[in-house]
Structure formats: C-alpha cells, structure tokens
Asker: 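Pasting in a structure now, in structure tokens, and then I'll have a few things to ask.
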Amino acid sequence: MIRKGFLPTAKKRYPASMWIYWFPALALTIFVYSTLSVVPDWRESLVSIYGPSMITWGIAIPLGVFFLALAVLSDTREGPKKLYGLMWLAVISVFTGYFLFTIDILVEQVHLIEYGILGWLYYLPLRKIISNRSVFITA
C-alpha cells in the first residue's frame, strides 16, 4: 500500500501557457539528438585549433556568466529567501566548476554542462505540475 503524500501530487490545472516552459527543454533535446553525428567533427576541429583546455574555459566562463545573470535577474524574492537561493547557486556552481575541470575527457565535460542545462529546463515546467520535492528527482 502506498502512503498518502508519497506520490507527487498534481496541481489544479495544466494551463496552455505551460508550452513556454516546455518548448526550450524539448527544443534543446531535439537539437542534441539531431547533432549527434556532426559533433565529433566539430569537437576535433575546435580542439586542433584552440586546444582542449581553451575549449573548457570557452564553455565554462560564458555559461557561468549567463546562468549567474539569469539567476540574479529572475529571482524576484527579497531578503533571506533570495540570499538562500543565491547560496545554493554558489554551492552548485563551485561543485560544477570543480567537476568540469577535473574531468579529463572533453566529451564528458560537455555532457556535464549539457545535461545540467537539460535538467534545469525540465525542472521549470515540472515544478508547476509536481507540488512536492520529488520534482528534483523527476527533472
């Protein structure tokens, strides 16, 4: 028997405006799968021109700046709640940066960033549907 409150609970209605949240996640998923055959060639040409470490820095810095700006500008909370959210962002950023620079295989570095972005993009619409903490595992 399943305990009450164990399964995710759906919120009232699923509005049509939710496509604004689902579209970026689905578009990135389609883009990733549609470029699987050409990415190795792109990667090899970029590594031969810039070297593997410059590719890592070239990916990490712009994405870090973008997501930091996005998080700060989109967080409408004030006071301790905003500070708490920014602390979590800092912790996650430090761990992501650490793993990004300790992984030796360039493809896995890109996968770390790519699936992190996909997880976040799927989290946005799911948090509107699932009203408990299981949304983190689901995304």
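What's counted below: heavy atoms across the whole structure, side chains too, no hydrogens, waters or symmetry copies.
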Asker: If the condition is side chain to side chain contact (heavy atoms under 4.5 Å, CB included), which residues does Tyr98 pass it with, not counting sequence neighbours?
Answerer: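 Scan of Tyr98 (side chain to side chain contact (heavy atoms under 4.5 Å, CB included), adjacent residues dropped) gives Thr102.
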Asker: Can you tell me how far CG of Leu28 sits from OH of Tyr33, rounded to the nearest 0.5 angstrom?
Answerer: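 Rounded to the nearest 0.5 Å, the OH-CG separation comes to 10.5 Å.
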Asker: Considering all heavy atoms of both residues, which atom of Leu121 and which atom of Pro24 are nearest to each other, and what is their separation?
Answerer: CD1-O, 3.9 Å
Asker: Tell me, with the steps shown, if Leu126 and Trp22 meet side-chain contact (heavy atoms from CB on, under 4.5 Å).
Answerer: CA-CA 9 Å; Leu126 287 172; Trp22 282 108; 3.9 Å; yes
Asker: Could you work out, with side chain to side chain contact (heavy atoms under 4.5 Å, CB included) as the rule, every residue matching Val38, not counting sequence neighbours?
Answerer: Thr35, Trp42
Asker: Could you pull out every donor-acceptor pair under 3.5 Å between side chains of residues 111-118 and any protein atom, sequence neighbours left out?
Answerer:
none

Asker: Got a sec, which residues hit ring-ring contact (aromatic ring centres under 6.0 Å, His included) with Phe23, two or more places apart in sequence or on another chain?
Answerer: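 Here no residue qualifies.
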Asker: Let me check something: do Ile103 and Val39 share a hydrophobic cluster, defined by ILVMFWY side-chain heavy atoms less than 4.5 Å apart, either directly or through other members?
Answerer: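 Not linked; separate clusters.
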